[in-house]
Amino acid sequence: MPYRAPVTDYQFLFDHVVGFDEVAGTDRFADATSDVVSAILNEAGKMCEVVMAPLQRNGDQHPARLENGVVRTSPGFADGFRAIAEGGYVGISADPEYGGLGLPMTVTTAVNEMMSAACLSLQLAPLMSQGQIEALEHHASDSLKATYLPKLISGEWTGTMNLTEPQAGSDVGALTSKAVPNGEGSYAISGQKIYISWGDNDFAANVCHLVLARLPDGVPGTKGISLFLVPKYIPDADGEPGRANDLKVVSLEHKMGLHGSPTCVMQYDGATGWLVGPEHGGMAAMFTMMNNARLGVGGQGIGAAEGALQHALAYALERRQGRSIHGYSIAAHADVRRMLMTMKAEVYAARAIALACAVAIDMEEATGEEHWAKRAAFLTPIAKAFGTDTGVEVSNMGIQVHGGMGFVEETGAAQYARDVRVTTIYEGTNGIQAMDLVARKMMDGGEAAFRLLDEIEANAEQARSSHKDLAEAVWQATETLREGTEWLVAQADMDDRFAGAVPFLRAFARVLGAHFHLKAAMTEPGSPRETLARFYIDRMLPEHAALLTHAQSGSAGLYAMNLDDLAA
C-alpha cells in the first residue's frame with residue numbers, strides 16, 4: 001500500500017504540543033521559521049512517499065549481499081540514498097560551515113521518523129552518518145573536520161560506528177581492539193567489530209568508520225578507550241579517496257529483518273586511522289554520538305509503528321468479513337477498532353515524547369541552560385525505549401489486524417515486525433535504557449523528573465475548566481507517579497531500583513503520553529484528536545498504576561528462586 005507522510009501531525013505537535021515555538025524563538029535557531037520548517041517537512045514527506053516507500057519490499061525480498069569482498073545493496077537503494085543526500089536530509093542539523101542546514105534536531109527527528117516509516121533498512125544509512133557528523137563536529141581536529149565533514153554531510157561519503165566486539169557485547173570496556181601510533185600522527189588499528197550497520201555499500205565513494213580501540217598505555221575498562229576515524233579509502237592530498245585501507249568486510253549477518261541494511265563483521269589489520277578527541281577519551285566522544293542516536297533509534301521504532309498502522313488500517317478498511325451495525329469491513333468490528341485506535345494513540349504518544357526530547361536538546365544547545373540539559377538527558381532513555389517498544393507492539397498488532405494474512409509474507413505486514421525488532425537492542429538495550437533512567441538520570445535526586453511532573457500537573461490544572469474528567473485522571477496519575485519516583489530515589493540498593501526500572505520507565509511514558517494527548521484535546525475540543533485523547537486516557541493510562549506497583553516491589557523476589565529452580 002502507498003505510504004502517506006503524516007506531515008500535518010508533526011506540524012500540529014510542533015505548533016501546539018511540544019513547544020517548538022521556544023526553539024524557533026532563540027537566536028540560534030531563528031532561521032527555523034514556520035515557513036521553512038513546513039517546506040522541509042512537506043518536501044521530505046514527498047521524497048519518502050515517492051522514492052523511499054517503494055523500496056521497502058525490495059530491501060526485504062532482495063537483501064544486501066557480499067560478493068568477492070564487495071557489498072551489493074538492494075535494488076533501488078543507491079538511487080534512494082542519492083535522493084536523501086540531494087534533498088539535504090543527511091545534514092539537516094549539521095554545521096552550515098561544512099554544508100549543513102544548521103536546523104533544529106526537532107526537525108531532523110521528524111524527517112528521520114518519516115524515512116523510517118517509508119523504508120527503515122535504507123534510513124539506517126543516513127542515521128549512521130548523522131551520528132558520525134555530530135561526533136566529528138564536537139571532537140575532531142580542524143583538519144579532520146575539513147576533510148570529512150563536507151563529504152559526509154553531502155552524502156558523497158557515509159559513516160558508521162564500530163563499538164561491539166564478539167566477546168564484549170554491551171560491555172564495551174571489555175574490547176580488545178588495539179591502536180598503535182604510527183609516528184606521524186596516525187595510528188594502526190587492529191581488531192574485529194560486529195553488528196556494524198551499513199559497514200559498507202556500493203554507492204558511496206568512501207565509507208568512514210568510527211572505531212573504539214585501546215592505545216598501548218590505555219588502562220583496562222572504558223577509561224582506557226580511544227576513538228579513531230578509519231576510512232575505507234585513505235584520502236589523498238586533495239581530500240579525495242586514495243589507496244584502500246587495511247580493513248575488510250568479513251561477512252554479513254543473516255538477520256530476521258532489515259535485510260536491505262548490510263550489517264557487517266569488520267576486520268581491521270593495522271588499518272590507518274586518526275584520533276578523534278583526546279587519548280583515552282573515546283567513550284565521551286562516542287556518547288556525543290550515541291545520545292542523539294538513541295533518540296534517532298526511538299524515532300525508527302515510531303516510524304515503523306506508523307508504517308504498520310497505515311498498512312493495517314488500509315487492510316481493515318478493505319477486508320470484508322461478518323457484519324456489524326457499523327459497517328461491513330473488519331474495521332467496523334469492536335476488537336479490530338480497539339486495536340486500530342490503540343495503535344494510533346500509542347504512535348501519537350511516542351511521537352510526542354520523542355519530539356519533546358528533541359526540543360529539550362535544541363533548547364540546551366541554543367541557551368546552554370542546565371535545566372534543558374537535564375530535561376534532554378532524562379527524556380532520552382524514555383524516548384528510545386518507549387519509541388522502540390511502541391514499534392514492536394504496534395507492528396505485532398498490525399499482524400493481528402490482518403488475521404491469518406498477517407502471517408503470510410506477501411502482505412508485507414510481518415516485515416514491519418521483523419525490521420523493527422532489533423531497535424529495542426540498538427544503542428543499548430531497553431533494559432539498559434531503563435537502568436540508566438533510574439540510576440544516572442536520578443543522580444540529581446529526581447530533580448529533572450519532579451520538574452517535569454510539576455509541568456504535567458500545571459497543565460492538568462489548566463485543563464480542568466474544559467476537560468474536567470480527563471484533567472483529573474492525568475493529575476491523579478501524575479501524583480501516583482510522583483510517589484513512585486520518590487520511592488525510587490530513596491532506594492540506596494541499586495538492585496531495588498534496577499528490578500523495577502523497566503516498568504518505571506513504562507509508567508513514566510504512560511503519564512507523559514496522557515499529558516501530550518490532553519494538550520491535543522485542549523487545542524482541538526470536539527475533534528478526532530480529542531476522541532483519541534479520551535481513548536488513551538480512559539483505557540491506556542490506567543496501566544501506570546500496575547506498572548508502578550511492579551516498579552516498587554524491590555529486588556528480593558527476583559532472587560528468591562535460584563537458577564537451578566528456574567531450569568527445573
Side-chain angles (χ1 to χ4, degrees), residues 40 43-44 47-48 51-52 55 64 70-103 108 111-112 115 119 121-162 196-211 228-245 247-249 260-262 264 266 271-274 276 289 293 296:
I40 289 174
E43 288 305 310
M47 187 273 296
C48 290
V51 179
M52 291 187 69
L55 302 176
V70 178
V71 171
R72 304 296 184 191
T73 56
S74 302
F77 272 38
D79 291 337
F81 186 81
R82 190 174 302 112
I84 294 168
E86 290 176 354
Y89 304 121
V90 178
I92 295 177
S93 295
D95 190 342
E97 180 180 349
Y98 299 99
L101 298 181
L103 289 169
T108 295
V111 172
N112 282 348
M115 290 196 289
C119 183
S121 286
L122 180 55
Q123 187 270 343
L124 268 166
L127 184 70
M128 294 293 99
S129 291
Q130 288 169 358
Q132 185 168 125
I133 288 165
E134 186 177 24
L136 295 180
E137 284 179 346
H138 285 85
H139 300 285
S141 65
D142 288 342
S143 62
L144 284 180
K145 289 179 184 179
T147 300
Y148 288 89
L149 283 177
K151 300 293 181 66
L152 288 165
I153 290 169
S154 70
E156 294 175 66
W157 297 358
T158 58
T160 76
M161 54 194 235
N162 290 234
I196 311 307
S197 296
W198 283 96
D200 196 21
N201 64 72
D202 55 1
F203 51 72
N206 207 352
V207 182
C208 311
H209 303 281
L210 281 180
V211 183
F228 301 88
L229 181 57
V230 187
K232 179 181 179 180
Y233 298 107
I234 298 173
D236 60 20
D238 298 321
E240 298 300 322
R243 69 173 178 85
N245 211 343
L247 57 87
K248 64 181 180 181
V249 179
S261 168
C264 303
M266 300 295 302
T272 302
W274 288 267
V276 176
M289 176 171 162

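Residues: numbered from 1 along the sequence shown. Side chains included, hydrogens not; waters and symmetry mates left out as well; all remaining heavy atoms used.
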Side-chain donor-acceptor pairs of residues 233-244 under 3.5 Å, sequence neighbours excluded:
from	atom 1	to	atom 2	distance (Å)
D236	OD1	D238	N	2.9
D236	OD1	G239	N	3.1
D236	OD1	E240	N	2.9
E240	OE2	K151	NZ	3.1

> For T272 and V230, what are the C-alpha separation, side-chain angles and deciding distance, and is it a side-chain contact (heavy atoms from CB on, under 4.5 Å)?
Replying inline: CA-CA 6 Å; T272 302; V230 187; over 6 Å; no
>> If you count every heavy atom of other residues, nucleotides or ligands that lies below 6.0 Å from K248 atom NZ, does the total exceed 12?
In response: no
> Counting N and O atoms only, with roles assigned by atom type, does the side chain of Y89 sit under 3.5 Å from a partner on the main chain of A44, one being a donor and the other an acceptor?
Replying inline: yes
>> Looking at every heavy atom in both S121 and S261, which two are closest together, and how far apart are they?
In response: O-CB, 3.6 Å
> Who are the side chain to side chain contact (heavy atoms under 4.5 Å, CB included) partners of E97, not counting sequence neighbours?
Replying inline: D95
> If you take all heavy atoms of A64 and G260, which pair is closest and at what distance?
Replying inline: CB-O, 4.1 Å
>> Would W198 and T73 count as a side-chain contact (heavy atoms from CB on, under 4.5 Å) here? Give the steps.
In response: CA-CA 10 Å; W198 283 96; T73 56; 3.6 Å; yes
> So do the side chains of P231 and N245 get within less than 4.5 Å of each other, counting heavy atoms only?
Replying inline: yes
> Going from CD1 on I92 to CD1 on I153, what distance comes out if it is rounded to the nearest 0.5 angstrom?
Replying inline: 12.0 Å
> Atom NZ of K232 and atom OG1 of T160: how far apart are they, to the nearest 0.5 Å?
Replying inline: 11.5 Å
> Taking only residues two or more places apart in sequence or in another chain, which ones pass side chain to side chain donor-acceptor pair (under 3.5 Å) with E137?
Replying inline: none
> Can you name the closest pair of heavy atoms from L55 and P75 and give their distance?
Replying inline: CD2-O, 3.8 Å
With a cut-off of 3.5 Å and sequence neighbours excluded, list every side-chain donor-acceptor pair involving residues 122-129.
from	atom 1	to	atom 2	distance (Å)
Q123	OE1	S116	OG	3.2
Q123	OE1	Q300	NE2	2.8
S129	OG	G159	N	3.0

> So, S93 side chain and L103 main chain: donor-acceptor pair closer than 3.5 Å or not?
Replying inline: yes
> Which value, rounded to the nearest 0.5 Å, describes the distance between D200 atom CG and R72 atom CZ?
Replying inline: 9.5 Å
> Does G155 offer a backbone N or O that forms a donor-acceptor pair with the side chain of E86 under 3.5 Å?
Replying inline: no
>> Whether the side chain of S74 engages the backbone of F77 through a donor-acceptor N/O pair (distance < 3.5 Å, no angle test) should be reported.
In response: no
> Yes or no on side-chain contact (heavy atoms from CB on, under 4.5 Å) for D79 and V51, after CA distance, side-chain angles and deciding distance?
Replying inline: CA-CA 8 Å; D79 291 337; V51 179; 5.9 Å; no
> Given M161 and Q132, is the side-chain contact (heavy atoms from CB on, under 4.5 Å) satisfied, shown in steps?
Replying inline: CA-CA 7 Å; M161 54 194 235; Q132 185 168 125; over 6 Å; no
> Who passes ring pair (Phe, Tyr, Trp, His ring centres under 6.0 Å) against F81, sequence neighbours left out?
Replying inline: F203
> For G88 and L101, which heavy atoms make the closest approach, and how far apart are they?
Replying inline: O-CD1, 4.1 Å
>> Is there a side-chain contact between L152 and V90 in this structure, where contact means two heavy atoms from C-beta onward sitting under 4.5 Å apart?
In response: no
> Distance from E156 atom CD to N206 atom CG, nearest 0.5 Å?
Replying inline: 10.5 Å
> Which residue pairs pass the ring-ring contact (aromatic ring centres under 6.0 Å, His included) test when at least one of the two sits in residues 122-162, sequence neighbours left out?
Replying inline: Y148-W157
> Hey, what do you get for CG (L247) to CE (M266), rounding to the nearest 0.5 Å?
Replying inline: 5.0 Å
